[in-house]
Structures are given as C-alpha cells and as structure tokens.
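Since the structure is predicted, the reported quantities are computational estimates derived from the model, not experimental observations. Letters A, B, ... mirror the listed sequences (proteins, then strands); counts begin at 1.
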Amino acid sequence: MEGKVAHDWRLRGQRYRLEGEECPHCKAKIFPPRDICPECKRPAKEPYRLSGRGEVYTFSTLNSAPEGFENYTPYTVALVKLEEGPMITAQLTDVAPEDVRIGMPVEMVTRKLRAQGDEGTIIYGYKFRPTGLGHAH
Amino acid sequence: MAERWTMHPQRPVGIIGYGSYVPMYRLPNTEISRIWGSGDEGGPIKEKAVAGLDEDTITISIEAARNALSRAGIDPEDIRAVWVGSESHPYAVKPSSTVVAEAIGTSPFHLAADLEFACKAGTEALQAAIGLVGAGMAEYAMAIGADTAQGRPGDALEYTAACGGTAFIVGPAEEALAILRGSLSFVSDTPDFWRRAYQHYPSHGGRFTGEPAYFHHIQSAADALMGEMGLEAKDFTYAIFHQPNVKFPQRVGKRLGFTKEQLEPGLISNIIGNTYAGAAITGFSATLDIAKPGDRILMVSFGSGAGSDASVWEVTEALEERRHKAPLVADYIARRVEIDYGLYVRYRSKILVK
Ligand SMILES: [Zn+2]
C-alpha cells in the first residue's frame, strides 16, 4: 500500500498535467518522461508540458474491467496521437462508446482514475474527451 | 451614509480571469417526482446537473481553474494562493486545493487551503483572495467554489442538489476585467441546515430555511452594502443572488428593488440546479459572459449556518477580449445528456437510503 502511494505520487506531474520531456538535441517531445530520447537515443530531461490536444488513433471498448475500474464499464480506452507527436494510452470520458471513431479530435481533462477502496487514496489523472469545450493550451 | 461595515482593500483589486465548469449529465425534476412524488408533476426546477462517475469537487475545480487561467493569461507560477470552498471535498482530511494547484501547474510556493461554509464557501474564498492581493502580499490569488451536492433520496433537497463550480483569479485592478468597488459579509449562528461528521446526507430545519436564514442574511448584507455605498437597485446593470431554487432569488431580488431583467443572465438554477458553493459565483460567471464595459454588478451569496457575502463589481474593457479564451457557462449548459433515476443512482453512488 505505502509503495503504491509513493509510486502514484511520483507520477503526478505526468498524470495531472501531461508533463513530459523535450529532447535538447532533436527537439522531439517525449511522453511519458523516460530521460532518453526515443528518436535520437540521447539524454533528454528537460520538462515539457504537452498541450493535451490530439486525435483518436485506435480504440477499444471494455465491458469487463480490472480491479478498481468495475464501476466504469463499459468504457473506451484509446491510443491518442498527441499533436506534438507522442502516442498515449488513456480512457475516454464524456462520450458514449458507440460515438467514438478513429480520427476524432480529443482534449485532455483531469478526472478520477480510481479510488483504493473507501479508505485509500483517490487517484486523479488524464483522460480524453471529444474536443469542443477546450481550455487546452 | 458613512461606511462602517463595508470593506475595501488597501490597493484596488479585481478579477483578472474567471472560469466555470458544469458536468454534462442532467436529471429532470419530473424523473425525481416519478420515483418519489405522486407522479410526474415535477419539482422546483426543470433539471439539475449531475457529475459523471469520474468527477468530483476536485476535478470540477480543476477544469474551472484552467478556464480562469486561460482568461487571465498569466503564468500559473505567479499565483500565491489556491483556495477551494466546498461542502463536498472528496477527502475529510487532505486538501482539495493542493491537487488543483498541481494540476494547473503552480509553483509549490503558495498558500493552499480548503474552506467550508455551506453554500458561501466559494465567496468566502473570494473575499480572502481580495484581502491577500489587496494587502499587497500577492499579485494573484485563486478562489474557487465547487460542489457535488447530495440530498437524501426522496428528500426535498434531491430535486435541486447539483454539481458545478467556478474559479476566479484576483489581481491588481489595472489588469482586471471586473474591478471590486466594495464588499461586506453578514453572518449569524442560525441552524437552518447542517451535516454532522460521518453523516452522508445533510439535515435541514424545514421552513426555518426561508425567512430567518436565506432572506434575512441576503437582505441584511445587500441593504448594508448598497446603503453605505450610496447605491440603489437601479444603479446596477445586473444582480446575482444565491440560487437554491428559482423562487428564492426572484423574491429576494424583488424585495431589494431589482427587476427580472437584472437577474435574468445570472439566474441559472432552473437548468443546472443548486450547485451550492458554486451557485452564486457560477451565476456571476454567466453574467460576466454577457456583460459590457461599464456595467455594475451586485453579487450576494448565502451559506447555511448562516451568512452572506455581498460584493459590487464594475466591468472593464478587458472583459471583451478575454471572454472567448475559455468556454462560456452557456456552452456547458448546452452540452447536455439526459439521464434517468437509475443511472443517477449509479453516478452518485446513492445506496445509503436512511
Ligand atoms: Zn532526440
């Protein structure tokens, strides 16, 4: 439990505000942060906040869910291509599974991902919803 | 009249950015009366906004705060306070404000706290932000009021208890889209509505909630502020009052001399419900969405327990250029998905019928 809380805490920059990295050598935008540029393989540690704008690359609707997600079924998980380049896997929200399509413009929102029972922490993080009310910048 | 109760900051301040959020799900009153009433005769409002399964006061606050930041156009690291007023903070112990602050990207060097005063916690946060900036301790401070209000299933409150919120960034008057002209607060120990620790749903004093609570506090605050500032109802373009339903704000507005037209842009409880700490301020936000430079606006909140914060604002030229940098309240109201009582029970985890 304590290890899990610490793990979630370390991820809050990327989870809450899509904080990734920018490669100082080739300017590639990196998400999630991994300190090595996937394009040119050189060190990249400069924090970079992604805009949160992107589009649905592929998606899949889940009718059964892993522990902690049971309340949310059915829900859609998408591979989102961010406008800066990186691909990111995330749940879609505020959209019915039958209305999701490939190429749909989406924007990042911060929502509850799961709660660890009634006594544990509540985990917040990014999800994506259809674009249209965007404050994403 | 000499000013005795009216408060003014040491340096002029105003709102430099504002933003709201209203969840997309709507539960019509006819659907509640179908389950709990004698038929589908409806209730005090048309419908109320309901948060989705993955939403709570923190996520509502985050979206409102991002909208306020988009309009303000400032670096979030320059914000010196993030205060969130609510009666539905997700944790009993662990602040909502720190999550909101990290999500919008503040630096760690700022004040943060959660405030509670039933439905006036949002305007209390705003008064505190005015004080901090007005004293010169900070350039910018953020005040939020948001709630995911719950009524006991079948209780009268269930028709109106709704979800939503609004955030303001207070800054120097020179940068403001609406400048503060004066404010005051009026509070007393009045047991009209309460929720004891560990209880899931609130209790209320029935008819005690009207005259001695809502009307007495709002009228006392508004009369004192307008009287001391030498203003009458006709001197205002718009007025916003706490809106637990439609009738109360209409009646208190009429008693204070305001017309239906002055209340109209900020009276949104009929279509989103009572968003508690978010109610008066989201009405204010909807009014800023249509206001013009030079307009004078009165806002008076009410929180059970009980008290009212009243404030007078004057709109500047800056509003028109910043308004469209974030969604309007009307945009959120238009994003509407109707749900039935069954889905509502699931979304709001209503299993505790007592
Ligand atoms: Zn590189």
Note: A/Lys127 and B/Asp54 closest approach over all heavy atoms is NZ-OD2, 2.9 Å
If one checks every heavy atom of B/Val99 against chain A at 4.5 Å, the contacting part turns out to be both
Rounded to the nearest 0.5 Å, the CD atom of B/Glu55 sits from the CG atom of A/Asp94 at a distance of 5.5 Å
Closest heavy-atom pair, B/Tyr91 versus A/Ile122, reported as atoms and distance to 0.1 Å, is OH-N, 2.6 Å
Against chain B, residues from residues 9-30 of chain A with at least one heavy atom under 4.5 Å, in numeric order, are A/Arg12, A/Tyr16, A/Arg17
Whatever's closer than 4.5 Å to a heavy atom in chain A on B/Leu328 counts as neither
More than 12 heavy atoms from other groups under 6.0 Å of OH on A/Tyr57:
no
Whatever's closer than 4.5 Å to a heavy atom in chain A on B/Arg335 counts as side chain
When rounded to the nearest 0.5 Å, the distance separating CD1 of B/Ile58 from NZ of A/Lys112 is 9.5 Å
Counting C-beta onward and ignoring hydrogens, is there a side-chain heavy-atom pair between B/Met24 and A/Arg129 closer than 4.5 Å?
no
Whatever's closer than 4.5 Å to a heavy atom in chain A on B/Ile62 counts as side chain
Nearest heavy-atom contact between A/Arg111 and B/Thr59 is CA-CG2, 3.6 Å
Quick check on A/Lys45: does its NZ atom have over 12 non-hydrogen neighbours (other residues, nucleotides or ligands) under 6.0 Å away?
no
